[in-house]
J.: 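Take this structure, written in structure tokens, and hold onto it; I'll ask about it next.
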Amino acid sequence: ISSPFLPSNSSWDAAYERELQTFQDIGDTGEIWFGEESMVRIIRWLEKHKVPLDSSVLDIGTGNGVLLVELAKSGYVNLTGIDYSPSAIQLSEKVRDKEGMSNIKLKVEDFLAPSAELSGFDICIDKGTFDAISLDPSDAAGKRRLYVTSLGRVLKPEGFFLITSCNWTKEELLDQFREGFEILEELPTPKFCFGGRIGNSVTALVFQRK
């Protein structure tokens with residue numbers, strides 16, 4: 001798999017502390033992972049499939065929380081974001097409050113060891129968190145298995161899992177999530193051409209929990 005550099009846990013926290021300071025200074029929310037079009041792709045899929053606006057949605061590794069704000073602007077009312085970085089949750093709280101989206105719930109959680117109340121979600125969304133876990137130098141394979149186990153715990157049977165990845169191909173993701181999940185759809189992502197071959201730099205899939 002092609003693996004762009006992703007920082008360690010302490011580096012994430014430092015990065016979000018910098019973004020938090022920048023937001024406090026100039027109101028800039030920081031980087032949107034995979035860009036605006038990745039958020040539009042997710043929201044369009046939810047709208048196309050007429051997913052009810054009161055469905056419970058979990059954003060795994062919410063970062064600055066901008067995806068949840070966009071979901072709230074689209075009418076979704078039952079939104080939760082988690083991140084293991086306290087600085088990320090502080091930042092997302094400030095972004096949420098600035099946008100006046102008080103119904104977005106945010107909490108510090110380690111998705112690989114989720115608390116008991118983190119359960120029963122209709123939809124789970126991941127933009128880059130599985131990628132980051134996949135590259136952890138200490139037992140990445142074990143952490144990927146833990147991730148799949150946690151997803152099975154927090155997502156309702158027949159619930160939807162939308163994942164955006166820059167590290168894994170469709171086939172690799174199908175293999176990673178073969179236990180307990182089935183593929184529903186591959187979402188279109190930007191294509192690139194290199195050496196006469198066309199490929200995707202990003203993979204976006206929708207799974208359903210069995």
Side-chain angles (χ1 to χ4, degrees), residues 1-16 31-34 38-39 41-42 45 56-64 67-68 80-89 107-187 189 199-210:
I1 53 177
S2 60
S3 303
F5 171 73
L6 284 165
S8 63
N9 289 11
S10 58
S11 303
W12 282 125
D13 226 23
Y16 282 120
E31 186 180 353
I32 296 172
W33 272 62
F34 300 107
S38 66
M39 298 196 296
R41 188 188 307 123
I42 289 165
W45 187 87
S56 54
V57 179
L58 176 66
D59 186 19
I60 301 165
T62 196
N64 57 16
L67 172 61
L68 292 173
T80 301
I82 60 166
D83 205 295
Y84 76 87
S85 164
S87 298
I89 293 301
K107 54 205 303 196
V108 177
E109 283 261 10
D110 177 359
F111 188 67
L112 300 185
S115 61
E117 67 254 31
L118 207 69
S119 65
F121 286 92
D122 298 305
I123 295 147
C124 289
I125 300 173
D126 181 319
K127 288 198 310 111
T129 299
F130 185 71
D131 283 355
I133 287 167
S134 299
L135 297 177
D136 192 309
S138 59
D139 191 21
K143 287 182 174 163
R144 289 197 295 272
R145 287 192 295 273
L146 270 177
Y147 182 103
V148 176
T149 300
S150 294
L151 186 63
R153 279 178 53 191
V154 304
L155 186 63
K156 283 180 183 173
E158 301 190 352
F160 300 119
F161 173 54
L162 288 77
I163 181 169
T164 305
S165 169
C166 63
N167 279 20
W168 300 91
T169 65
K170 175 184 177 181
E171 290 70 27
E172 288 167 334
L173 287 170
L174 289 177
D175 185 54
Q176 293 290 333
F177 291 94
R178 67 187 181 280
E179 299 284 332
F181 299 90
E182 58 187 359
I183 179 85
L184 277 189
E185 197 170 338
E186 180 175 14
L187 304 182
T189 59
N200 293 63
S201 55
V202 173
T203 303
L205 302 179
V206 181
F207 287 92
Q208 187 166 29
R209 192 185 150 201
K210 293 176 185 172

J.: Taking all heavy atoms of K127 and all of S38, pick out the closest pair and write down the distance.
T.: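 Shortest heavy-atom contact: NZ-OG, 3.5 Å.
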J.: To the nearest 0.5 Å, what is the distance between CD1 (I163) and CD1 (I125)?
T.: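 Output value for this atom pair is 12.0 Å.
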J.: Can a donor-acceptor pair be found between the side chains of D136 and S138 at a distance below 3.5 Å?
T.: yes
J.: Quick one: CG on L187 to NZ on K170, what's the gap to the nearest 0.5 Å?
T.: 10.5 Å
J.: Looking at D122, is its backbone amide N or carbonyl O close enough to the side chain of S56 to form a donor-acceptor pair, meaning the two atoms are under 3.5 Å apart?
T.: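 Yes: the side chain of S56 pairs with the backbone of D122.
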J.: G120 and K156: which non-hydrogen atoms are nearest, and at how many Å?
T.: O-CE, 2.9 Å
J.: Does any non-hydrogen side-chain atom of R145 lie less than 4.5 Å from one of E179?
T.: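 They are not in side-chain contact.
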J.: Can you confirm whether T62 sits close enough to L67 that some side-chain heavy atom of one is under 4.5 Å from a side-chain heavy atom of the other?
T.: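 No, every pair of side-chain atoms sits at 4.5 Å or beyond.
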J.: Can you give me the closest heavy-atom contact between C124 and V154, atom names plus distance?
T.: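 Scanning both residues, the minimum pair turns out to be SG-CG2, 3.8 Å.
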J.: After noting the C-alpha distance and the side-chain angles of F130 and L173, does the key distance pass the side-chain contact (heavy atoms from CB on, under 4.5 Å) rule?
T.: CA-CA 10 Å; F130 185 71; L173 287 170; 4.1 Å; yes
J.: So which heavy atom on S134 is nearest to which on A140, and how close?
T.: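 Smallest heavy-atom distance, with atoms named: O-CB, 3.2 Å.
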J.: Side chains of E172 and T203, heavy atoms from C-beta outward: is any pair under 4.5 Å?
T.: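 Counting from C-beta outward, E172 and T203 never come under 4.5 Å.
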J.: Rounded to the nearest 0.5 Å, how far does CG of L174 lie from CH2 of W168?
T.: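 Reported to 0.5 Å precision, the distance equals 12.5 Å.
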J.: So, does R153 use its side chain to make a donor-acceptor pair with the main chain of P114 at under 3.5 Å?
T.: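 Yes.
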J.: According to side-chain contact (heavy atoms from CB on, under 4.5 Å), who are the partners of Q208, at least two apart in sequence or on a separate chain?
T.: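 For Q208, the residues satisfying side-chain contact (heavy atoms from CB on, under 4.5 Å) (neighbours in sequence not counted) are E158, F160, E182, L184.
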J.: Mind checking whether F207 and F177 have parallel, tilted or perpendicular rings, split at 30° and 60°?
T.: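 Correct class here is tilted.
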J.: Can you tell if the side chain of F111 reaches within under 4.5 Å of the side chain of D126, non-hydrogen atoms only?
T.: no
J.: Tell me, please, which residues at least two apart from L112 pass side-chain contact (heavy atoms from CB on, under 4.5 Å).
T.: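 Listed in chain order: D110, I133, K143, L146, Y147.
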J.: Which heavy atom of V148 sits nearest a heavy atom of Q176, and at what distance?
T.: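 Distance-wise, the nearest heavy atoms are CG2-O, 3.5 Å.
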J.: Going by side chain to side chain contact (heavy atoms under 4.5 Å, CB included), F121 matches just one of I60, T80, L151, V57. Which one?
T.: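 The side chain to side chain contact (heavy atoms under 4.5 Å, CB included) with F121 is passed solely by T80 among I60, T80, L151, V57.
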J.: Compare every heavy atom of F181 with every heavy atom of K210, then report the nearest pair and how far apart it is.
T.: CE-O, 3.5 Å
J.: How many angstroms lie between CG in L58 and CD1 in I82, if you round to the nearest 0.5 Å?
T.: 5.0 Å
J.: What distance do M39 atom CE and I42 atom CD1 have between them, rounded to the nearest 0.5 Å?
T.: 8.5 Å
J.: Between D83 and G63, is there a donor-acceptor pair closer than 3.5 Å when you use the side chain of the first and the backbone of the second?
T.: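 Such a contact is found between D83 side chain and G63 backbone.
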J.: Which distance, rounded to the nearest 0.5 Å, do you find between the OG1 of T169 and the CG of L205?
T.: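 Those atoms lie 9.0 Å apart.
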J.: Do D131 and S165 pair up side chain to side chain, a donor and an acceptor below 3.5 Å, judged on atom types alone?
T.: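 Checked: D131/S165 side chains pair up, N/O donor to acceptor below 3.5 Å.
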